[in-house]
There are 2 protein chains.
Amino acid sequence: MTDSGGDMSIPASIAAAWGLTDRPSKGPKPGLSLQRVVQAGIAVADAEGLGAVSMARVAKELGTATMSLYRYVAAKDELLLLMVDAAYGPPPTDVITDWRKGLSNWAWAELKAFRRHPWGVRVPISGPPITPNELAWFERGLALLRGTPLTATEKPSVILLVSGYVRNVATVEADLREAFEAANLSPDDALNGYNRLVLSLTTPEAFPEVHAVVNAGTFDAADNPDDEFTFGLERILDGLDALITSRTTHG
Amino acid sequence: MTDSGGDMSIPASIAAAWGLTDRPSKGPKPGLSLQRVVQAGIAVADAEGLGAVSMARVAKELGTATMSLYRYVAAKDELLLLMVDAAYGPPPTDVITDWRKGLSNWAWAELKAFRRHPWGVRVPISGPPITPNELAWFERGLALLRGTPLTATEKPSVILLVSGYVRNVATVEADLREAFEAANLSPDDALNGYNRLVLSLTTPEAFPEVHAVVNAGTFDAADNPDDEFTFGLERILDGLDALITSRTTHG
DNA sequence: CAGTAACGCGTACGTCATACGCAATAATAC
DNA sequence: GTATTATTGCGTATGACGTACGCGTTACTG
């Protein structure tokens, strides 16, 4: 009863990221800029992890007082959202007509963005894409599906499917990295520790498949980290291919 | 140089969840139990969201002092991990020989668990599965692939692929729900607000595909929320089917 | 030149996780 | 039966953190 009017309007900082704010004609010139604040946040996150990103820490990075940041960002959540947007950067613009090659290229580019900024996967998703780069990636993904017989309902589902997969793999990679950095082990030792841990917690009777997988040495080495990603991606693309070709042949 | 010995041993509370702790013979009888603490945490999260889960709030739920919880859990992170584990519950135990039906059933069960406890997707993933239910789900998933020609390396990849997808869809569903609860709108109005927002931020020239999708009314209604899930799941299963049948026919 | 809007930022407050220590308790060792 | 000791509940205190508020300053507008 208090505030029945649902808003759904965007924060000023997001509008600024879209370049929709005309700079005010009055008052002192800003000493900072939204971009510089976001870049400082990224610098801190890259160097010290997302946990180190506090308003105070970001301000220190810029040599300003903590509260000055709030002239550019209304809340920390907004800063994080814009940091992720900047971490994505612009999507690949290669002109690719083959949807499969295009989507694969797109997915790899997204994975590389997350590898460059592993903290990206730790920022909780706050809603559907509204920042410039997020929407640009979405647009590019949809464009790659242009030649396919997929419906307007299906195309976004495909993008969700692929980008969600990228995010998952990136998350697992980040988990592994954080685990062995925290315990300062080598990646191999971390995997090995996990193997021994699982074997000690479970019995072969109750967890036969898990034991079989662990004993097969599946988790022994982080062989080529790309192989894991490739496997799932190819399955997804195969599944899409099946649908697309079935539509194409039954015209 | 300080602490070169990497540990990789588990927290006491996790061991307790596995039933590996012999209760101490000395001292007063515990007034609480790990299970009760975890259940209280779940009750708070279900009723008021994950954001409301503070140690103080959980303690209040139990009628105890905040610090008493630390006799059962060494840190809040552990509590959250165990809350998620309990939210999963045991995996479906249906005996299904057809891998595709089995995996589908498994995926749907996981989605339902997340729908029951939507905050589950908001708990950041801290590492590979080590809690009882998490590992039980993993085991079940692997068991469903027993009859397939997939290798010991591929099977976990498949599980990661499917459960990651479930998690993504559950996250998107949670996003939507939180968005319209926050703005107290109906789901339709929330979707509509997003549509108008996107159209106002982007131009049809720069974002033609996005405009086409929005104008097609794709995001107008949350029709049957299950349809979205089904679409992606079937694509994944199709992709797996392609691999499995190719292996089967080429013996 | 007065008015005004936007700036940088110091202060203060509320929330939260959690380290520490103490008194009470209950089993064990003598 | 008494002393010992491990373990419990929990009060207190600390330090981090996000951010509301307001003040003095700046630079453009009327």
Side-chain angles (χ1 to χ4, degrees), chain A residues 11-13 15-16 20-38 40-41 44-45 48-83 119 122-124 126 182, chain B residues 11-13 15-16 20-38 40-41 44-45 48-83 119 122-124 126 182:
Chain A
S13 65
L20 296 178
T21 51
D22 21 35
R23 78 202 66 82
S25 52
K26 297 194 178 180
K29 286 177 243 173
L32 267 56
S33 69
L34 179 57
Q35 292 216 359
R36 282 195 60 206
V37 172
V38 172
V44 172
E48 301 165 37
L50 192 63
V53 177
S54 67
M55 298 304 273
R57 180 69 188 78
V58 174
K60 202 172 100 183
E61 193 76 7
L62 291 163
T64 67
T66 305
M67 291 310 292
S68 302
L69 302 184
Y70 285 93
R71 291 287 176 198
Y72 302 87
V73 151
K76 191 189 178 184
D77 288 4
E78 290 181 16
L79 173 58
L80 294 177
L81 185 58
L82 293 171
M83 281 169 59
W119 46 266
R122 303 296 182 201
V123 177
S126 58
Chain B
S13 65
L20 295 178
T21 51
D22 21 35
R23 77 201 66 80
S25 51
K26 297 194 177 180
K29 286 176 244 173
L32 266 56
S33 69
L34 179 57
Q35 291 218 358
R36 284 194 58 206
V37 172
V38 171
V44 172
E48 301 165 39
L50 191 63
V53 178
S54 66
M55 298 302 273
R57 181 68 187 78
V58 174
K60 201 172 100 182
E61 193 77 5
L62 290 164
T64 66
T66 304
M67 290 311 292
S68 302
L69 303 184
Y70 286 94
R71 292 289 175 200
Y72 303 88
V73 152
K76 192 188 178 185
D77 287 5
E78 290 181 16
L79 172 58
L80 293 177
L81 185 58
L82 293 171
M83 283 170 57
W119 46 267
R122 302 298 182 199
V123 177
S126 58

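Since we're looking at a predicted model, the values are computed, not measured. Just so it is clear: chains get the letters A, B, ... in the order the sequence lines come, proteins before strands, and each one is counted from 1.
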| note | Between the CG atom in Leu81(B) and the OG atom in Ser13(B), the distance rounded to the nearest 0.5 Å is 7.5 Å
| message | Here's a test of your reading of the structure: between Lys29(B) and Ala52(B), which maps to the more 5' nucleotide of DNA chain C? | response | Ala52(B)
| remark: Closest non-hydrogen atoms of Leu50(A) and Leu80(A), given as atom of the first, atom of the second and distance, are CD1-CD2, 3.9 Å
| message | In whole Å, I'd like the distance from the CG atom of Asp77(A) to the P atom of dT19(D). | response | 7 Å
| task | Using a cut-off of 6.0 Å, state whether more than 12 heavy atoms not belonging to Glu48(B) lie near its atom CD. | result | yes
| field | Between dC10(D) (P) and Met55(B) (CE): distance, integer Å | value | 14 Å
| task | Would you please confirm or rule out a distance under 4.0 Å between OP1 or OP2 of dA27(C) and any side-chain N or O of Ser25(B)? | result | no
| Arg57(A) CZ to dG15(D) C1': how many Å, rounded? | 18 Å
| request: Select base, sugar-phosphate, or nothing to describe what Ser54(B) touches, counting heavy atoms under 4.0 Å on all strands. | output: sugar-phosphate
| CE of Met67(A) versus P of dG10(C): gap in Å, rounded? | 11 Å
| request: Please work out if Thr66(B) contacts a base, only the sugar-phosphate, or nothing of the nucleic acid, heavy-atom cut-off 4.0 Å. | output: base
| task | Mind calculating the distance between CG (Leu79(A)) and C1' (dT19(D)) to the nearest angstrom? | result | 14 Å
| message | Please tell me if Lys26(A) has a side-chain N or O lying less than 4.0 Å from either OP1 or OP2 of dT4(C). | response | no
| remark: Considering only heavy side-chain atoms of Ala65(A), the closest of dT19(D), dC9(C), dA27(C) is dC9(C)
| message | Tell me the interatomic distance from Asp22(B), atom CG, to dT7(D), atom P, rounded to whole angstroms. | response | 10 Å
| Taking for each residue the nucleotide of DNA chain C with the nearest heavy atom, is it Val53(B) or Pro24(A) whose nucleotide lies nearer the 5' end? | Pro24(A)
| query | For DNA chain D, whose closest nucleotide is more 5', that of Ala75(A) or that of Thr64(B)? | reply | Thr64(B)
| field | Side chain of Arg71(B) (C-beta onward), nearest among dC10(D), dA27(C), dG8(C) | value | dC10(D)
| request: Report the distance from atom NZ of Lys60(A) to atom P of dC17(D), rounded to the nearest whole Å. | output: 10 Å
| Taking Lys76(B) for the side chain and Val53(B) for the main chain, is one N or O donor matched with an acceptor at less than 3.5 Å? | yes
| field | Donor-acceptor pair, side chain of Tyr72(B) and main chain of Leu32(B), under 3.5 angstrom | value | yes
| Interatomic distance, Tyr70(B) OH vs dT14(D) P [rounded to whole Å] | 17 Å
